[in-house]
**Q** 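One structure, as structure tokens, below. Some questions next.
Each chain gets a letter, A, B and so on, in the order the sequences are listed, and its residues count up from 1.
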There are 2 protein chains.
Amino acid sequence: MARPARPDLAAMMVPLGRSLIAAELPILQSHDLKMWAYIVLLELREEPTRTQAALAQAIGADKTRIIGVLDELAERGLIRRTPDPQDRRARLLAITPAGKRLRDAVQRDIQANEERLLARLAPADRRGFLRGLQFLAELPPEEIAG
Amino acid sequence: MARPARPDLAAMMVPLGRSLIAAELPILQSHDLKMWAYIVLLELREEPTRTQAALAQAIGADKTRIIGVLDELAERGLIRRTPDPQDRRARLLAITPAGKRLRDAVQRDIQANEERLLARLAPADRRGFLRGLQFLAELPPEEIAG
DNA sequence: TATTGTTATACTCTATAACTATA
DNA sequence: TATAGTTATAGAGTATAACAATA
């Protein structure tokens with residue numbers, strides 16, 4: 001068989017993803033935020049989440065893994081975690097104004113660095129890259145497995 | 001701050017990469033190949049590698065991590081691992097014809113599934129996506145960190 | 001009895017340190 | 001003494017199992 005026209009997608013995507021994470025870490029650190037904490041703040045963007053288990057599932061984490069993260073975020077006043085009066089087993093999770101400000105500041109820095117990279121692509125490639133990536137990233141995993 | 005126009009690149013790339021790996025696993029399994037073994041076979045595509053440490057570095061692994069992988073590949077006759085006559089501390093690594101056949105068969109299956117996904121993109125997006133991804137994946141990590 | 005959140009435990013992956021053999 | 005490879009050990013991250021509170 002001749003050499004394939006391109007490497008496997010995962011072979012390109014995984015190391016690149018790792019490098020992008022490495023680029024995020026110093027930014028997160030400068031805001032004293034762990035990666036999982038940032039992911040939680042992003043997920044709480046839209047509306048309050050009803051249970052911790054739902055939040056964990058939404059971000060692809062185990063429910064036991066985010067407990068410490070939520071502890072620290074709540075302690076710093078970046079989220080509110082209140083028992084649901086309707087069902088006092090559950091905790092209502094919501095981001096606070098301070099949490100929003102921090103989240104947005106971090107994301108601005110992260111995307112500023114990413115824009116620096118994307119600027120090196122030809123405009124048509126940049127557009128296609130982002131459109132393709134967004135489309136594929138929104139596919140459910142089982143559709144990717146085939 | 002308004003909602004950003006797009007998610008962070010890593011936030012799209014990392015889960016997508018995970019899904020793509022999940023899609024590879026059953027294919028690898030059907031050929032009785034571990035992920036690291038496949039990565040090694042891919043890296044030995046071009047020319048023999050002079051040392052195990054160099055191979056490990058090339059694929060982003062620790063040198064202690066690939067020893068068992070090389071053991072099994074050699075035992076199955078998919079690679080040759082011979083002491084360098086010039087420096088008998090080092091091991092010359094090369095893929096065998098059987099290794100090439102297996103590697104190519106696996107890659108065919110993997111890329112066939114990927115083509116199924118890429119086919120869902122508009123032609124211009126598909127082209128831009130692949131060109132952008134290939135360009136960014138070839139950047140050295142320190143250039144991505146900025 | 002079932003579910004939410006929590007704590008305690010075990011497992012997997014990976015890196016670090018110590019060892020053998022060659023140089 | 002320095003290096004390639006190997007083996008043994010330790011660490012980080014993650015998942016599994018058991019538990020307390022509430023329904």
Side-chain angles (χ1 to χ4, degrees), chain A residues 10-11 14-15 17-22 24-26 28-29 33-40 43-44 48-75 79-94 141, chain B residues 10-11 14-15 17-22 24-25 28-29 33-40 43-44 47-75 79-94 141:
Chain A
V14 173
R18 255 196 280 274
S19 294
L20 288 168
I21 286 184
E24 291 190 7
L25 289 182
L28 290 167
Q29 208 161 12
L33 212 56
K34 303 267 178 60
M35 175 63 78
W36 278 115
Y38 176 57
I39 294 173
V40 165
E43 177 60 26
L44 295 179
T49 303
R50 243 189 48 274
T51 71
Q52 297 184 183
L55 172 65
Q57 189 181 15
I59 62 179
D62 193 272
K63 65 174 179 170
T64 62
R65 219 159 67 196
I66 61 170
I67 292 177
V69 176
L70 297 177
D71 286 345
E72 196 189 322
L73 285 173
E75 197 177 333
I79 66 170
R80 270 180 303 103
R81 177 161 59 163
T82 52
D84 183 347
Q86 250 58 54
D87 178 350
R88 290 179 40 219
R89 292 173 302 180
R91 309 267 176 276
L92 296 173
L93 303 168
Chain B
V14 172
R18 256 195 279 274
S19 294
L20 288 168
I21 286 184
E24 291 191 6
L25 288 181
L28 289 167
Q29 208 161 14
L33 212 56
K34 304 266 176 61
M35 176 62 78
W36 277 115
Y38 176 57
I39 294 172
V40 164
E43 177 61 27
L44 294 178
E47 65 270 341
T49 302
R50 245 187 47 273
T51 71
Q52 296 184 183
L55 172 65
Q57 189 182 15
I59 62 179
D62 193 272
K63 64 173 180 171
T64 63
R65 219 161 65 195
I66 62 170
I67 291 176
V69 176
L70 297 178
D71 286 345
E72 196 188 322
L73 286 173
E75 197 178 334
I79 66 169
R80 270 180 303 103
R81 177 161 59 162
T82 52
D84 184 346
Q86 249 58 55
D87 178 349
R88 290 179 39 218
R89 292 173 302 184
R91 308 266 176 278
L92 296 173
L93 302 168

**Q** Check the distance between C:dT14's P and B:Lys34's NZ and give it to me in whole angstrom.
**A** 13 Å
**Q** Any side-chain heavy-atom pair from B:Leu55 and B:Leu44 closer than 4.5 angstrom?
**A** yes
**Q** Want to settle it: does A:Arg89 or A:Gly60 sit nearer the 5' end of DNA chain D, counting the closest nucleotide to each?
**A** A:Gly60
**Q** Quick check: do A:Leu92 and A:Arg81 have side-chain heavy atoms less than 4.5 Å from each other?
**A** no
**Q** Which residue, A:Thr64 or A:Gln86, contacts DNA chain D at a nucleotide closer to its 5' end, judged by nearest heavy atom?
**A** A:Thr64
**Q** Once you round it to whole Å, what is the distance between P of C:dA2 and CG of A:Asp87?
**A** 16 Å
**Q** What are the 5'-most and 3'-most nucleotides of DNA chain D lying under 4.0 Å from any heavy atom of chain B?
**A** D:dA2 to D:dT7
**Q** Measure the shortest side-chain to side-chain distance between A:Val69 and A:Lys34 over non-hydrogen atoms and say whether it is less than 4.5 angstrom.
**A** no
**Q** Using atom CE of B:Met35 as one end and atom C1' of C:dT12 as the other, report the distance to the nearest whole Å.
**A** 16 Å
**Q** Evaluate the side-chain proximity of B:Glu43 to B:Ile39: yes if any heavy-atom separation is below 4.5 Å, no if none is.
**A** no
**Q** Does any part of the side chain of A:Gln52, heavy atoms only, come nearer than 4.5 Å to the side chain of A:Ile67, both counted from C-beta?
**A** yes
**Q** Would you check if A:Val14 and A:Arg18 make a side-chain contact, meaning some heavy-atom pair closer than 4.5 Å?
**A** yes
**Q** Compute the bend angle of the helix from C:dT1-D:dA23 to C:dA23-D:dT1 from the end axes (five pairs per end), rounded to 10°.
**A** 20°
**Q** To the nearest Å, how far apart are A:Leu70 CG and C:dT6 C1'?
**A** 12 Å
**Q** Whole-Å distance between C:dT22 P and B:Arg91 CZ?
**A** 8 Å
**Q** To check you understand the geometry: which heavy-atom pair defines the closest contact between B:Gly60 and B:Trp36, and what is its length?
**A** O-CH2, 4.2 Å
**Q** Reading DNA chain C from 5' onward, which residue's closest nucleotide shows up sooner: B:Arg88 or A:Leu92?
**A** A:Leu92
**Q** With sugar-phosphate meaning primed atoms plus P, OP1 and OP2, does A:Asp62 contact a base, only sugar-phosphate, or nothing at under 4.0 Å between heavy atoms?
**A** base
**Q** Tell me the interatomic distance from A:Arg81, atom CZ, to C:dT4, atom P, rounded to whole angstroms.
**A** 16 Å
**Q** For the residue pair B:Ile66 and B:Ile59, establish whether any side-chain heavy-atom pair is separated by less than 4.5 Å.
**A** yes
**Q** A:Arg65 side chain N/O closer than 4.0 Å to the phosphate oxygens (OP1, OP2) of C:dT6?
**A** no
**Q** So how far is it from B:Glu24 CD to B:Leu33 CG, rounded to the nearest 0.5 Å?
**A** 11.0 Å
